[in-house]
Structure formats: structure tokens, C-alpha cells
Amino acid sequence: MNTILRGYRAFVAGDLDTVAELLDPDIEWFSVAPEQPPADLDEVRTILTARHADGYRIELNRCIGKGEDVLVAFRAAGVEKDPDDDRLLQSRRTFTIGRYWGIVTVREGRVVRVRDYPGLRPGLEALGLEEGAL
């Protein structure tokens, strides 16, 4: 779990070098779409860099560990400007961009695999836990 929290804190602080150090060179990141091939290290780094550049505020909600697997759940929030409003100081509103659930597998302090899930319940089931047990 320490690797997950260290990576989260580094991402929030914009320390993408530390995030990269926590990724195994042979990482595989599986999306929710089963037909999509897993992302490799270069793709993962590109995605994380883009997400950070988007300025999202990431709020970690849960980390549930079982062995070398950790189910993570977070909310991404951001600020959206009205594209039809050309005023420099238009009001901005923070809104939820999305929620995320995934199981992160950590070995020897490095993330070796991530598998995304469409919700908390499917993630818990994949981890072999029931929601009522938490």
C-alpha cells in the first residue's frame, strides 16, 4: 500500500519522475474494454502526463489491499470554463470528471499491473471480497 500512496502523493505534487520510478518496465495496464490491448510503460507514462497536464484534482477515496493487490478508488475533479463565454474572469465551477476503480498489483515496490473496473463492486469481486465485509 505504501507504493500506492507514494505514487498518489507524487502525482498530486506533479512529481512525475517519482511516479515513473514506481512503474515496472514491463507494466501492463488493462482498460475496462476487454478488446483493447494492455497499455505498456510508454503508453502509461503518456497517459499520466496528459492527465496531470489537464489539471485534474484527484481525490483518493479508498485503498483496499489483499496480498500484492490493492483496489484503488478515486474521484477526478476539474474546472470547466464556458466555451461560449469570452470574458477573462468568467466564473468557474469545480465538477466531477469521473470516478475510477482499479486493482493495482505491486511487487517489490513497483506497479506491475493495473486492471480497470467499471465500479467498486466488480473490483471487490475481482479481489475476492464482498462490500459488506468492509
Checklist entry - Given the rule that I, L, V, M, F, W and Y join up when any side-chain heavy atoms are under 4.5 Å apart, are V114 and I4 in one cluster? => result yes

Checklist entry - Shared ILVMFWY cluster between V19 and I47, side chains joined below 4.5 angstrom? => result no

Next on the checklist: Apply side chain to side chain contact (heavy atoms under 4.5 Å, CB included) to residues Y100 and V72 and explain how you reach the verdict.
Outcome noted: CA-CA 8 Å; Y100 172 83; V72 297; 4.0 Å; yes

Checklist entry - If we only count heavy atoms from C-beta on, is the D54 to R51 side-chain gap below 4.5 Å? => result yes

Next on the checklist: Less than 4.5 Å apart, side chain to side chain, heavy atoms only: is that true for F11 and I58?
Outcome noted: yes

Checklist entry - To the nearest 0.5 Å, what is the distance between CD (E59) and CZ (R75)? => result 4.0 Å

Next on the checklist: Rounded to the nearest 0.5 Å, what separates atom CD1 in I103 from atom CD in E68?
Outcome noted: 11.5 Å

Checklist outcome for this item: Between the CG atom in D24 and the CD atom in E108, the distance rounded to the nearest 0.5 Å is 9.0 Å

Checklist entry - Can you check side chain to side chain contact (heavy atoms under 4.5 Å, CB included) on R110 and V106, steps first, answer last? => result CA-CA 5 Å; R110 289 193 151 183; V106 178; 5.9 Å; no

Next on the checklist: Quick check: is Y8 connected to V104 through a chain of hydrophobic side chains (ILVMFWY, heavy atoms under 4.5 Å apart)?
Outcome noted: yes

Checklist outcome for this item: Rounding to 0.5 Å, atoms CZ (R62) and CZ (F74) come to a distance of 15.0 Å

Checklist entry - Any idea which heavy atoms bring R6 and L22 closest together, and the distance? => result NH1-CD2, 3.3 Å

Checklist entry - Linking I/L/V/M/F/W/Y whenever their side-chain heavy atoms sit closer than 4.5 Å, directly or via other members, would V32 and V70 fall into one cluster? => result no

Next on the checklist: Can you confirm whether H52 sits close enough to L48 that some side-chain heavy atom of one is under 4.5 Å from a side-chain heavy atom of the other?
Outcome noted: no

Checklist outcome for this item: The reported gap from OG1 in T105 to CZ in R115 (rounded to nearest 0.5 angstrom) is 8.5 Å

Checklist entry - Do R107 and R113 have side-chain heavy atoms sitting under 4.5 Å apart? => result yes

Item to check | Pairs where residues 27-45 contributes a residue and the test side-chain hydrogen bond (donor to acceptor under 3.5 Å, both in side chains) is met, not counting sequence neighbours | outcome: W29-D116, S31-Q36

Checklist outcome for this item: All heavy atoms of A126 vs all of Y117, minimum pair found to be CB-OH, 3.2 Å

Next on the checklist: Is any side-chain heavy atom of D69 closer than 4.5 Å to one of L127?
Outcome noted: yes

Item to check | Interatomic spacing from CD in E21 to CG in D15 - rounded to 0.5 Å | outcome: 7.5 Å

Next on the checklist: Let's go through L23 and L41 carefully: what are the C-alpha distance in whole Å and the side-chain angles of both, what is the deciding distance for side chain to side chain contact (heavy atoms under 4.5 Å, CB included) to 0.1 Å, and is it a yes or a no?
Outcome noted: CA-CA 7 Å; L23 302 176; L41 179 61; 3.8 Å; yes

Next on the checklist: Just so I know, are the side chains of R99 and N61 near enough to count as touching, which here means a heavy-atom distance under 4.5 Å?
Outcome noted: yes

Checklist entry - Of all heavy-atom pairs between A76 and Y56, which one has the smallest distance, and what is that distance? => result CB-CD1, 4.2 Å

Checklist entry - Do V112 and L71 share a hydrophobic cluster (ILVMFWY, side-chain heavy atoms under 4.5 Å, transitive)? => result no

Next on the checklist: For N2, I'd like to know if atom CG has over 12 heavy atoms of other residues, nucleotides or ligands within 6.0 Å.
Outcome noted: no

